[in-house]
There are 2 protein chains.
Amino acid sequence: MVAQAQRHSGHEHPRPRSAAVVDDIVGQLSDRGYRDTEPRRLVISAVAAQGRPFTAEELCASLPCVGRATVYRGLRLLVETDQVCRVLLEDRELRYQLSHQGHHHHLLCAVCGASADLEGCDVEDMLREAATAAGFRMSGHWLEVYGRCGECAEG
Amino acid sequence: MVAQAQRHSGHEHPRPRSAAVVDDIVGQLSDRGYRDTEPRRLVISAVAAQGRPFTAEELCASLPCVGRATVYRGLRLLVETDQVCRVLLEDRELRYQLSHQGHHHHLLCAVCGASADLEGCDVEDMLREAATAAGFRMSGHWLEVYGRCGECAEG
DNA sequence: ACAGAATTGATACCAAATATCATATGTACA
DNA sequence: TGTACATATGATATTTGGTATCAATTCTGT
Ligand SMILES: [Mn+2]
Ligand SMILES: [Mn+2]
Ligand SMILES: [Zn+2]
Ligand SMILES: [Zn+2]
């Protein structure tokens, strides 16, 4: 059974102790040898403040005091360390959001941009089997699911 | 059961009667009101000549006598009319290949770039169910499967 | 043929992202 | 507590992939 997990929508309440989230992520990075810098904290803080999937450019716009290159680098680092996951919209626009760890996929609302995680990827076995049947050895997959969230489906 | 379909690899023999493929596609386009033009035929012919997923830029390079805009427009038209399908690599590079009709997904070899179609998308029901459980109404999905083809898996 | 719509392609333009590289800053350690 | 030096930053230039313009050309139906 695929279970619904964290919802990311503009309607939810502000994340409790956003500073704690930042400290946690900075800590994880420190453990891996990455420095604790002011611009980095600003990027992480801005990421944590987003209510729904955001673009790199949106993040840049919300961080006028941080260089563009630094924002992009920070985002890449966060993705590489699994702190942030990438979300691909139907029009191929790339967005990001805080990761809730582990391999999972996204339900994306085409109307309001909200997303929900589909944790526990049950398609995995089916895909591996199909890949084997085709003579392939599967190493991974990418899946995004598009539709309308409950609110946007009404009307 | 997900079945293996057409293989697209550099190792296969040249497609028989490539001209027939072009005529067929031009015919389909004509039926929909699109004109039979020389540049269009050149684009279709080049598409049909590819042995594996190709980028728009690669196609442009192989068609120095056709304008870039025309190549892009031709490719877009072929995608819109389901003659060609889009393939997304792990690094987000967008490629194209002749479509074997209907909704399906791709098995992509990370080593040699070969692809195989997974026809009959059995994940559909599972995803719709999961989406419903999360309060979404699913309208579509995008799935790519990565790995190694039989040849590249050896060694 | 002809008219008129569709198509083309040179060019300009745009957005997203990366490469450069001189400067600034964090961290380990003497 | 200072210092050395690797790491990180950010202004800027560049690259990549793709779209908008628009005058000229080419199809297609009559
Ligand atoms: Mn996610
Ligand atoms: Mn395909
Ligand atoms: Zn919505
Ligand atoms: Zn291969």
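So that the names make sense, note that chain A is the first sequence line, chain B the second, and so on, each numbered from 1.
Nucleotide D:dG17 holds its P atom 10 Å from the CZ atom of A:R92, rounded to whole Å. Distance, A:I44 CD1 to D:dA8 P: 12 Å, rounded to whole Å. What separates CD of B:E93 from P of D:dG17 is a distance of 7 Å, to the nearest Å. Taking atom CZ of A:R76 as the reference point, atom C1' of D:dG10 lies 14 Å away to the nearest angstrom. At whole-Å resolution of the value, CG in B:L59 and P in D:dT16 are 18 Å apart. Residue B:L94 contributes atom CG, which lies 13 Å from atom C1' of D:dT16 at whole-angstrom precision. Distance B:E58 CD to D:dT16 P: 13 Å, rounded to the nearest Å.
A perpendicular orientation is assigned to the rings of B:H103 and B:H141, their planes being inclined by more than 60° (bins at 30° and 60°).
To the nearest 0.5 Å, atoms CZ (A:R76) and OH (A:Y96) are separated by 9.0 Å. The CZ atom of B:R92 lies 4.5 Å from the CG atom of A:L94; values are rounded to the nearest 0.5 Å.
Summarising the geometry of B:V145 relative to B:L118, their closest heavy-atom pair is CG2-CD1, 4.3 Å, with the distance given to 0.1 Å. The shortest non-hydrogen separation linking A:H104 to A:H100 is CE1-N, 4.3 Å. The shortest heavy-atom contact between B:P64 and B:A61 is CD-O, 3.7 Å. Across B:G113 and B:P53, no two heavy atoms sit closer than the pair O-CD, 3.4 Å.
Each of B:Q50, B:E58, B:R52 was checked for a side chain to side chain contact (heavy atoms under 4.5 Å, CB included) with B:R95, and the lone residue meeting it is B:E58. Remark: of the listed residues A:V26, A:L98, A:D24, A:V84, A:V26 is the sole one forming a side chain to side chain contact (heavy atoms under 4.5 Å, CB included) with A:I44.
Residues meeting the salt bridge (Lys or Arg N to Asp or Glu O under 4.0 Å) test with A:E90, sequence neighbours left out: none. When the salt bridge (Lys or Arg N to Asp or Glu O under 4.0 Å) test is applied to B:R41, the partners found at least two apart in sequence or on another chain are B:D23, B:D36.
End-to-end axis angle for the helix from C:dA1-D:dT30 to C:dA30-D:dT1, using five pairs per end and rounding to 10°, comes out at 40°.
One donor-acceptor pair, N or O on each side, does fall under 3.5 Å between the base of D:dG10 and the side chain of A:R73.
In the hydrophobic clustering of ILVMFWY residues, with side-chain heavy atoms under 4.5 Å counting as a link, B:V111 and B:L107 come out apart.
For the segment residues 64-72 of chain A, residues with any heavy atom less than 4.0 angstrom from an atom of DNA chain D are, sorted by number, A:C65, A:V66, A:G67, A:A69, A:T70.
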In B/S/- notation, 5' to 3', how is nucleotides 24-30 of chain D contacted by protein heavy atoms closer than 4.0 Å? --BBS--
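Bracketed by its first and final contacts, the part of DNA chain C lying under 4.0 Å from non-hydrogen atoms of chain B reaches from C:dG4 to C:dA17 in 5' to 3' order.
Side-chain contact between B:L143 and A:V123: absent, with no pair of heavy atoms (C-beta onward) separated by less than 4.5 Å.
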